[in-house]
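Worksheet: one structure, shown below.
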Amino acid sequence: MGRSSNNRKSRSDSTIYESLINKGFSRRDFLKFCTSITATLALPVSFTSKVAEALEKSQKPIMVWLEFQDCAGDTESTLRATAPTIGEVVLDVLSIEYHETIMAAAGHQAEKSLMDVVANHPGKYLAVVEGAIPMKDGGVYCCIGGKSAVNIAKEVCGNAMATIANGSCAAFGGIAAAEPNPTGAVGVRDLLPGIPLINMPGCPVNVDNLIAVVVHLLTFGTLPATDKLLRPYFAYGKRIHDNCERRGHYDAGQFVRQWGDEGHRQGWCLYEMGCKGPVAFQNCPTIKFNEGTSWPIQAGHGCIACAAPRNWDDMAPIYAKVPSVPGFGVEASADKIGLGIAAASGAAVVAHGIGRMVSGGKRPKDD
Ligand code: SF4
């Protein structure tokens, strides 16, 4: 108990609750966190006590964090903040045994600590993967300590209690897998189908969602329910367009037509500027980023559907209007659209089937 927050590699027998209290958080802070994480998980408020009870009893889970073909954006998103929040501290008090970016050890010493976890705690540690895995030419395009990412992932994720594919590259290959995909990059699921895995796409991942998955695992002993793409419903079950603060402008036919025009200054809808919110699923509008400060659409840029598979190919160009798919109304599910868009790739753009005409409003012009 009472380890230094800088000693990220250490592991103790203290529970998460004890670690938080030792770091100066009050019981009230702790309960506020439990309430907020219960809401993020879309659980009834009555589950707050169950979450609290689990965190009071759970010891810090051992975690290893692998980085392959990545930009470290998910690490940055997770670790860099203007002020530490209790959620960040929950990550801090996880027993992170291996993380290239934050660990003090280097070289063979670092790689040994990773293999020690695999050897000494099989089936008992969490693996987080950031970045895609290059399969081409024997996996030579990403090697760490003389081992390919392919072999590291097989060994580490194959023996983990569960793996979190953190960010779009680990989930679906991301930008590394965009055509022509010169390194044969894939996400974890393509390499290791069948392992206990959850996909947390996003560019970057939202750390609140990542924490919620870990808390769910600690509370219920299972990963949260997911869609067919292995994305948890609590974070990816709702369409951005349906929760967007600019939706009223969409319905009223008020669109930004040019960057910096009057509509842009007024915060109108970004559909005409290529916003992919009508076919994108994530809880960005409700939980936002940077401690709930803002999110891309609030900041004035359209959604790029970063949590969708092949978004760099199927949703491109970024500033072109969404490739509409007929038959998807406001009741569409993530499964339908997530898979439907991929299937529709390359098809001619057809009439926009999502919007509603309103009196006096102008329907977006179809390409
Ligand atoms: Fe929001 Fe984009 Fe939908 Fe407009 S098109 S309402 S900006 S999500």
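On a predicted model such as this, the values are computed, not experimentally measured, just so you know. Order of listing sets the numbers, starting from 1, for every ligand and every atom in it.
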For this output row, return yes or no: ring centroids of F172 and W312 closer than 6.0 angstrom. no

Pairwise distance NE2(H216) to OG1(T38) - rounded to 0.5 angstrom: 10.5 Å

Pair Q282, W295: side-chain N/O donor-acceptor within cut-off below 3.5 Å: no

Please say which of Q254, R247, H249 ends up in a side-chain hydrogen bond (donor to acceptor under 3.5 Å, both in side chains) with D251. R247

Please report the number of protein N, O or S atoms that lie less than 2.8 Å from atom 3 (Fe) of ligand 1. 1

Kindly state whether the ring of F33 and the ring of F25 have centres lying under 6.0 angstrom apart. no

For the pair R27 and E56, find out whether any cationic side-chain nitrogen is under 4.0 Å from an anionic carboxylate oxygen. yes

